[in-house]
Amino acid sequence: MNSPILVTGGTGTLGRYVVARLREKGSEVRVLTRSPRPAADGVTYVVGDLATGEGADAAVEGVSTVVHCAGSQKGDDVKARHLMAAAARAGVGHVVYISVVGADRVPVKSAVDRAMFGYVAAKRAAEEIVAGSGVPYTTLRATQFHELAFTAVAAMAKLPVVFAPGGTKLQPIAADDVAARLVELALGEPQGLVADMGGPRAYLFADLARGYLRATGRRRPILSFPAPGAAARAYRAGANLTPEHAVGHQTWEEFLTQRLAV
């Protein structure tokens, strides 16, 4: 009997797609979650919290492969440290980690940088922890998910004026497209750092907001301004984009149509 594949963050935006695709491939799946859940449809759940390390050893016990999707706006390096330490102790054979395009190109040094782009620095630190753990690994960097861009513009559209970082482009990609690639990697051999993955088109942030406003029948003025700091300058220079790896299938417009369908 094959050992289960552990998915951290398996109930989140990306992780739920990873779980579904692993099940389609016939893999038994274990999900690390902070709240108890009953087993269902070939998926079991183990309670733990990577922010503290609680439950990490139990989560990786008897597991040969881990897909590490658990992430947040801060603390990804801490989560990676706890997970990789447990994985090393358990003799896990392969950890697949999802990072962000530009993690190695966006300088996060000043207080302004950390306030706005601290998650990028945490992702980069997590990459280094994964690579230095001694556990065989694969790291995939992807651009911003449609789902997260949608959440951001929807929140901004509630304000009288939509504020957009001037000159900043995003290359949004469907989370399910990324999940498909992660599953492919998880079912293969460790490869280290693999090629980036981005959406089919890059858009100014203001244009993403305009698309959302049109699709929802709203009218709001959009005010664009350049954000301060070296990290923001790197974004304006395209450090978060990967035009040579525009392999995602779903455009922002297609995502909006699907998401907003009644």
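All residue numbers in this chain count up from 1 along the given sequence. Heavy-atom basis, side chains included; hydrogens, waters and symmetry copies ignored. As the structure is a prediction and not an experimental result, all values here were calculated from the model.
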TODO: Tell me, with the steps shown, if E253 and Y203 meet side-chain contact (heavy atoms from CB on, under 4.5 Å).
DONE: CA-CA 11 Å; E253 293 81 5; Y203 304 78; 2.7 Å; yes
- [ ] Indicate yes or no: does E147 engage R259 in a salt bridge with an N to O separation below 4.0 Å.
- [x]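 No, E147 and R259 are not salt-bridged.
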Exam field: side chain [X] to backbone [Y], donor-acceptor pair closer than 3.5 Å:
X	Y	value
E128	A125	no
W252	L208	yes
D113	K109	yes
S133	V135	yes
T33	V47	no
R220	A157	yes

Give, for atom [atom1] of [X] and atom [atom2] of [Y], the distance between the pair rounded to the nearest 0.5 Å.
X	Y	atom1	atom2	answer
Q144	L148	CD	CG	5.0 Å
S64	L6	OG	CG	10.5 Å
R201	Q250	CZ	CD	13.0 Å
I98	M197	CD1	CE	8.5 Å
Q171	D196	CD	CG	9.0 Å
Y97	L185	OH	CG	14.5 Å

Task: Ring-face cation of R30 near Y45 (centre distance under 6.0 Å, axis angle within 45°) - done: no
Task: Within-4.5 Å side-chain heavy-atom neighbours: L50 and L32 - done: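 With C-beta onward as the side chain, the pair touches.
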List the atom of [X], the atom of [Y], and the distance in Å for their closest heavy-atom pair.
X	Y	result
A215	L260	CB-CD1, 3.5 Å
A51	K79	N-CG, 4.1 Å
A231	P107	CB-O, 3.2 Å

Check this for me: [X], atom [atom1], are more than 12 non-hydrogen atoms of other residues, nucleotides or ligands nearer than 6.0 Å?
X	atom1	result
E61	CD	no
E189	CD	no
R34	CZ	no

Open item on the list: Hydrogens and angles aside, do T138 and Q191 bring a side-chain donor and acceptor to less than 3.5 Å of each other?
Closed with: no
Task: Pair H82, T52: side-chain N/O donor-acceptor within cut-off below 3.5 Å - done: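 There is no such pair (donor and acceptor under 3.5 Å, judged by atom type) between the side chains of H82 and T52.
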Open item on the list: Testing D77, D76, D104, T139 one by one against K123 for a side-chain hydrogen bond (donor to acceptor under 3.5 Å, both in side chains), which residue passes?
Closed with: D76
Open item on the list: Set out, in order, the CA-CA distance, both residues' side-chain angles and the distance that settles side-chain contact (heavy atoms from CB on, under 4.5 Å) for V60 and L83, then state yes or no.
Closed with: CA-CA 8 Å; V60 299; L83 175 65; 4.1 Å; yes
- [ ] Check whether V247 and F145 end up in the same hydrophobic cluster, where Ile, Leu, Val, Met, Phe, Trp and Tyr are linked by side-chain heavy atoms less than 4.5 Å apart.
- [x]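 As far as the 4.5 Å side-chain criterion goes, F145 and V247 are connected within one cluster.
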Open item on the list: Taking V78 as the starting point, is it possible to reach M84 by hopping between hydrophobic residues whose side chains are less than 4.5 Å apart?
Closed with: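 Not linked; separate clusters.
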- [ ] Show your reasoning for whether side-chain contact (heavy atoms from CB on, under 4.5 Å) applies to V162 and L159.
- [x] CA-CA 6 Å; V162 176; L159 301 173; over 6 Å; no
Task: R23: which of V43, I5, V18 passes side-chain contact (heavy atoms from CB on, under 4.5 Å) - done: V43
- [ ] State which residue, out of L170, T143, V100, fulfils the side-chain contact (heavy atoms from CB on, under 4.5 Å) condition with N240.
- [x]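 Of the listed residues L170, T143, V100, the side-chain contact (heavy atoms from CB on, under 4.5 Å) partner of N240 is L170.
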Open item on the list: Between Y137 and V96, is the side-chain contact (heavy atoms from CB on, under 4.5 Å) condition met? List the steps.
Closed with: CA-CA 6 Å; Y137 74 96; V96 180; over 6 Å; no
TODO: Take H94 and T65, measure what side-chain hydrogen bond (donor to acceptor under 3.5 Å, both in side chains) needs, and give me the verdict at the end.
DONE: CA-CA 5 Å; H94 188 190; T65 300; 4.7 Å; no
TODO: Please work out which of the three classes, parallel, tilted or perpendicular, describes the rings of F150 and Y212, given edges at 30° and 60°.
DONE: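 Because their plane-to-plane angle is over 60°, the rings of Y212 and F150 count as perpendicular.
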